[in-house]
Amino acid sequence: MLKNITVELVNAFTAKGQGGNPAGVVLNAAQLSDEQKLTIAQTVGYSETAFVCEDDIADYAVSFFTTAGEVDFCGHATLATFSIMFQKGLLKSGIYTQHTKAGILPVVIESNGRVVMEQQLPQKLARFSYQEIASYLGIESNVLGSTELPIEVISTGLPDLIIPVSSGYLDILVPDHEKIAQFCKAHDIIGFHVFELCDSNSPVTASCRNFAPLFGIPEESATGSASGALACYLHEHLALDGEYSFEQGRAMNCSSLITVSIEAQRSLVNSVKVGGFAKSKGWMTVPI
């Protein structure tokens, strides 16, 4: 006998209530198998769907599925999860913990509904040359090299390749999704997180695009995990202050706003917090 599963639909990292990155959220998911979770994620069709259960160690256990399989962590789906529980009156403002495959991570719900999630401390895993990467994005290597910034794999929960481009090139990239997927599989990377710095009088630190075709995501309009990694990267290489704002999704006509706070002592990062707002866009039922 089929059972109908309710999936909350939430736009995460909205900018003034608009845009954002949609995520599915299934509450009370303890009875679902991994196979059923994948089926639900594929039916919803968003880049990630979160599944919430009670937990003996943390306040909640949360698992994350793309349309292709499970991932250890997802920033925007975490934001969607705790925001929708707050909006439905299931949680009050306060400090909570979530048990994920990336570890037990604190999440703060502020009184205005803003959700701030703590990520793992940064790990720098690899570095690649401009010549190796340029062709994957349909640009010349000098577009990358002129930034005088490195191309590095950094993880604050998930490993992403952080790629700088010169101003004016972000929106005209031509990503080769098949080759990017092959590269990410070969190097155990989630995706390419490409950014261009904004000028000093802009309220936004950088504009970004994220490509994760290996996990069925040609492009994503807000990526919380990669935003934490990017903030750590900028802290190291440009010695910017500890507060960052990132715009993402502009090329998809779905702009999102992601804030990151970095705390460090003597250049050593000891705290990474990613925050934003989310807005419910309704619900759907999936028979399983």
Side-chain angles (χ1 to χ4, degrees), residues 1-14 18-55 60-88 90-91 98-102 107 115 117 157-158 160 175 177-178 180-181 184-185 190-191 210-226 248-249 251-254 256 276-288:
M1 181 176 178
L2 292 177
K3 179 180 179 181
N4 285 327
I5 302 299
T6 299
V7 184
E8 303 288 343
L9 309 177
V10 187
N11 280 334
F13 293 117
T14 54
Q18 302 298 314
N21 190 8
V25 179
V26 177
L27 306 174
N28 304 313
Q31 301 305 314
L32 296 174
S33 67
D34 285 352
E35 183 180 4
Q36 289 172 322
K37 291 177 181 178
L38 179 58
T39 297
I40 292 168
Q42 291 171 337
T43 303
V44 173
Y46 291 158
S47 56
E48 276 95 359
T49 296
F51 297 85
V52 185
C53 307
E54 294 183 355
D55 191 67
Y60 297 96
V62 186
S63 56
F64 306 96
F65 282 75
T66 73
T67 58
E70 187 175 9
V71 292
D72 290 349
F73 176 73
C74 176
H76 87 274
T78 292
L79 175 60
T81 295
F82 284 85
S83 180
I84 197 64
M85 288 197 286
F86 176 77
Q87 293 174 38
K88 292 173 74 70
L90 301 174
L91 295 179
Q98 64 168 343
H99 188 182
T100 75
K101 285 193 171 181
V107 179
V115 174
M117 66 200 93
L158 294 175
D160 277 287
H177 294 110
E178 183 177 349
I180 290 173
C184 290
K185 185 175 183 179
I190 295 296
N210 187 279
F211 309 109
L214 179 61
F215 291 90
I217 308 169
E219 182 164 1
E220 191 166 50
S221 56
T223 314
S225 54
Q248 189 178 328
M252 304 170 67
N253 295 314
C254 193
S256 306
F277 291 91
K279 184 177 181 180
S280 172
K281 54 182 295 187
W283 53 273
M284 67 181 292
T285 58
V286 178
I288 59 166

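Index from 1, following the sequence.
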Asker: Applying side chain to side chain donor-acceptor pair (under 3.5 Å), name anything that partners T78, two or more places apart in sequence or on another chain.
Answerer: Q98

Asker: Going by side chain to side chain donor-acceptor pair (under 3.5 Å), name the residues that satisfy it together with K279, two or more places apart in sequence or in a different chain.
Answerer: none

Asker: Distance from L9 atom CG to S280 atom OG, nearest 0.5 Å?
Answerer: 7.5 Å

Asker: Ignoring hydrogens and angles, write down the donor-acceptor pairs under 3.5 Å from the side chains of residues 281-288, residues two or more places apart or on other chains.
Answerer:
from, atom 1, to, atom 2, distance (Å)
K281, NZ, Y46, OH, 3.4

Asker: Going through the distances and angles, do K37 and S63 end up as a side-chain contact (heavy atoms from CB on, under 4.5 Å)?
Answerer: CA-CA 9 Å; K37 291 177 181 178; S63 56; 3.2 Å; yes

Asker: Within a radius of less than 6.0 Å around CG of D34, do more than 12 heavy atoms belonging to other residues, nucleotides or ligands occur?
Answerer: yes

Asker: How many angstroms lie between CE in M117 and CZ in F82, if you round to the nearest 0.5 Å?
Answerer: 9.5 Å

Asker: Are any side-chain N or O atoms of S33 and backbone N or O atoms of Q36, one a donor and one an acceptor, separated by less than 3.5 Å?
Answerer: yes

Asker: Using a 3.5 Å cut-off and no angle test, enumerate the donor-acceptor pairs between side-chain atoms of residues 65-74 and protein atoms at least two apart in sequence or in another chain.
Answerer:
from, atom 1, to, atom 2, distance (Å)
T66, OG1, A68, N, 2.9
T66, OG1, G69, N, 3.1
T66, OG1, G69, O, 3.1
T66, OG1, F215, O, 3.4
E70, OE1, K101, NZ, 3.1

Asker: Step by step, would you call E48 with I217 a side-chain contact (heavy atoms from CB on, under 4.5 Å)?
Answerer: CA-CA 9 Å; E48 276 95 359; I217 308 169; 3.7 Å; yes

Asker: Using distance alone, with no hydrogens and no angle criterion, decide if E220 and T223 have a side-chain donor and acceptor under 3.5 Å apart.
Answerer: yes

Asker: Can you list the steps and then say if S225 with D160 is a side-chain contact (heavy atoms from CB on, under 4.5 Å)?
Answerer: CA-CA 8 Å; S225 54; D160 277 287; 4.1 Å; yes

Asker: Can you check side-chain contact (heavy atoms from CB on, under 4.5 Å) on V25 and V7, steps first, answer last?
Answerer: CA-CA 6 Å; V25 179; V7 184; 5.9 Å; no

Asker: For a quick test of reading the model, state the closest non-hydrogen atom pair linking A278 to A12 and the distance between them.
Answerer: CB-CA, 3.9 Å

Asker: Quick one: closest heavy-atom pair of I84 and T81, and the distance?
Answerer: CG2-O, 3.2 Å

Asker: Who pairs with E8 by salt bridge (Lys or Arg N to Asp or Glu O under 4.0 Å), at least two apart in sequence or on another chain?
Answerer: K88

Asker: So, taking the atom named CG in L91 and the one named CE in M85, what distance separates them when rounded to the nearest 0.5 Å?
Answerer: 4.5 Å

Asker: Measuring only between side-chain heavy atoms, which start at C-beta, is L214 closer than 4.5 Å to I190?
Answerer: no

Asker: Side chain to side chain donor-acceptor pair (under 3.5 Å) for S83 and Q87? Distances and angles first, verdict last.
Answerer: CA-CA 6 Å; S83 180; Q87 293 174 38; 2.8 Å; yes

Asker: Report the distance from atom OG1 of T100 to atom OH of Y60, rounding to the nearest 0.5 Å.
Answerer: 16.0 Å

Asker: Are S47 and H76 side-chain neighbours, meaning at least one heavy-atom pair lies under 4.5 Å?
Answerer: yes

Asker: Hey, does the side chain of N21 reach the backbone of A222 with a donor-acceptor pair shorter than 3.5 angstrom?
Answerer: yes

Asker: Got a sec, which residues hit salt bridge (Lys or Arg N to Asp or Glu O under 4.0 Å) with K3, two or more places apart in sequence or on another chain?
Answerer: none

Asker: Return the CD to CG distance between E219 and N210, rounded to the nearest 0.5 Å.
Answerer: 8.0 Å

Asker: Is any side-chain heavy atom of P213 less than 4.5 Å from a side-chain heavy atom of E178?
Answerer: no

Asker: For a quick test of reading the model, state the closest non-hydrogen atom pair linking A77 to A23 and the distance between them.
Answerer: CA-CB, 4.0 Å

Asker: Check whether any side-chain heavy atom of F51 lies under 4.5 Å from a side-chain heavy atom of L32, and answer yes or no.
Answerer: yes

Asker: Can you tell me how far apart OG1 (T6) and CG (L27) are? Round to the nearest 0.5 Å.
Answerer: 9.0 Å

